[in-house]
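Notes to accompany the following structure.
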Amino acid sequence: GMSHTVNFLHEAEAPRRHRKHERNRALRTALFVALGLVAVWLAVVLFAAGQVVAAALDGKDALYEARDAAVALDFDAAGDSLALADERFASAEMGLALLRTAEIVPWVSTQIRAADTLVTSGRTVIGALRSAVELGGELVRLSGMTEEELRGISAGVTSETTFDDLSSDTKRAILERLVGSASDLNLIAARISIARSELAKIDSSGLLGSVADALGPLDERLEEAQVTLNTLAIAAQLLPEFGGLGRERAHLVLFLNNAELRPGGGFIGTYGTLKTRDGDITELETADSYALDQLAGESTPIPAPPPLA
């Protein structure tokens, strides 16, 4: 009876140890799988971070090229560079989608928000500049001039064609297009201003430090573009009146000598009358201001004030 009891306990204890061993092995396997998944996730996050940084830097370089091409009046090249910049920022957005899986990590979440701001603002700037470049290209086509001729005029090189040589219909078409673009130019400048404000908030430390540091020169160029667009918007609003769009306008032109200060800015040595219509100067006459005074002769009935008399 005793031997039977011992053998029974021995046989009952072995399955329990076996089950415990199986549970430990299952836990180790689950732990290894979890660690493997975490390692894969970290690799994906790091790859996505690298993709965002690299794409953002490439996009920044393309924006540089677009701005320089636009300044050189090469609007076709500027458009191509902006398309490339948009493509690179779109690639950054794809990487950002993977990065968002790491938002649960406090420090990383800050960097993800910064990356999100960078990509969103970058694409806003690209969209704004593309509108400006399209307008520039359209004005070139309306003028009938080649981009080479316009660059020559801009550089002060004598060109076979100048604005004065354009037909009245062409000048009117250019003025009408500029006038119609005044609100668009204001909107483009405002979009760039908002994007610059958002970019200025990016923390220059951490994951996006290299990108944020590289944005300094870009911001300066965006500021130049913003100032230029604001100036063009103001000019576009004034052009109907000053250029005589649709009907002849008459203007008084004063030549002021600021070495002899007066309330208006300086002594009026010469004055002129200027008439314009659809971008053409139809009449311009100038005369000495004393010649105008002499027309009054001795007929001026107003006596001088006592202190001056």
Between V253 and T270, is there a side-chain heavy-atom distance shorter than 4.5 Å? no

Do N230 side-chain atoms and Q226 backbone N/O form a donor-acceptor pair below 3.5 Å? yes

Side chain to side chain contact (heavy atoms under 4.5 Å, CB included) between L245 and E176: does it pass, once the steps are laid out? CA-CA 8 Å; L245 183 60; E176 287 174 345; 3.7 Å; yes

Evaluate side chain to side chain contact (heavy atoms under 4.5 Å, CB included) for Y271 paired with T286, printing each intermediate quantity in order. CA-CA 6 Å; Y271 73 96; T286 61; over 6 Å; no

I'd like to check T282 versus L274 (side-chain heavy atoms, cut-off strictly below 4.5 Å). Are they in contact? no

Where do D86 and R130 land on the salt bridge (charged side-chain N to carboxylate O under 4.0 Å, His left out) test, with the steps shown first? CA-CA 10 Å; D86 195 45; R130 289 182 92 164; 3.7 Å; yes

Looking only at non-hydrogen atoms, find the nearest pair between P240 and V179 and report the distance. CG-CG2, 3.4 Å

Minimum heavy-atom separation for G79 to V133, with atom names? N-CG1, 3.9 Å

Return the set of residues passing salt bridge (charged side-chain N to carboxylate O under 4.0 Å, His left out) with E138 (not counting sequence neighbours), or none when no residue passes. R177

Using a cut-off of 6.0 Å, state whether more than 12 heavy atoms not belonging to L142 lie near its atom CG. yes

May I ask you to check whether over 12 heavy atoms, not counting those of L254, lie within 6.0 Å of atom CG? yes

Is the CZ atom of F242 crowded by more than 12 outside heavy atoms at less than 6.0 Å? no

Any idea which heavy atoms bring A78 and A69 closest together, and the distance? N-CB, 3.7 Å

Are D278 and R247 close enough for a salt bridge, meaning some N to O gap below 4.0 Å? no

Group every Ile, Leu, Val, Met, Phe, Trp and Tyr by side-chain heavy-atom contacts under 4.5 Å, then state whether Y64 and L129 land in the same group. yes

Indicate if L187 and L222 have the same hydrophobic cluster label, given that clusters are the connected sets of ILVMFWY residues with side-chain heavy-atom separations under 4.5 angstrom. no

CG (L308) with more than 12 external heavy atoms under 6.0 Å: yes

Using side chain to side chain contact (heavy atoms under 4.5 Å, CB included), reason through Q237 and N186 one step at a time and then give a plain yes or no. CA-CA 10 Å; Q237 292 168 0; N186 274 321; 3.1 Å; yes

Answer with yes or no whether the hydrophobic clustering places V119 together with L84; edges join I, L, V, M, F, W, Y residues whose side-chain heavy atoms lie under 4.5 Å apart. no

Output yes when a side-chain donor or acceptor of S289 lies under 3.5 Å from a complementary backbone atom of G269, and no otherwise. yes

Any donor-acceptor N or O pair under 3.5 Å, side chains S167, T170: yes

Distance (rounded to the nearest 0.5 Å) between I188 CD1 and T228 OG1: 12.5 Å

Side-chain heavy atoms nearer than 4.5 Å, only ILVMFWY residues, links allowed to pass through others: does that put L284 and F255 together? yes

Go through the steps to decide whether L185 and L135 satisfy the test side chain to side chain contact (heavy atoms under 4.5 Å, CB included), and finish with yes or no. CA-CA 9 Å; L185 290 169; L135 173 61; 3.7 Å; yes

Criterion salt bridge (Lys or Arg N to Asp or Glu O under 4.0 Å) against D280, the qualifying member of R249, K171, R172, K275: K171

For a quick check under 3.5 Å, do T273 and E283 share a side-chain donor-acceptor pair by atom type? no

Linking I/L/V/M/F/W/Y whenever their side-chain heavy atoms sit closer than 4.5 Å, directly or via other members, would L252 and L292 fall into one cluster? yes

Treating S197 as the side-chain partner and S193 as the backbone partner, does any N or O pair qualify as donor plus acceptor under 3.5 Å? yes

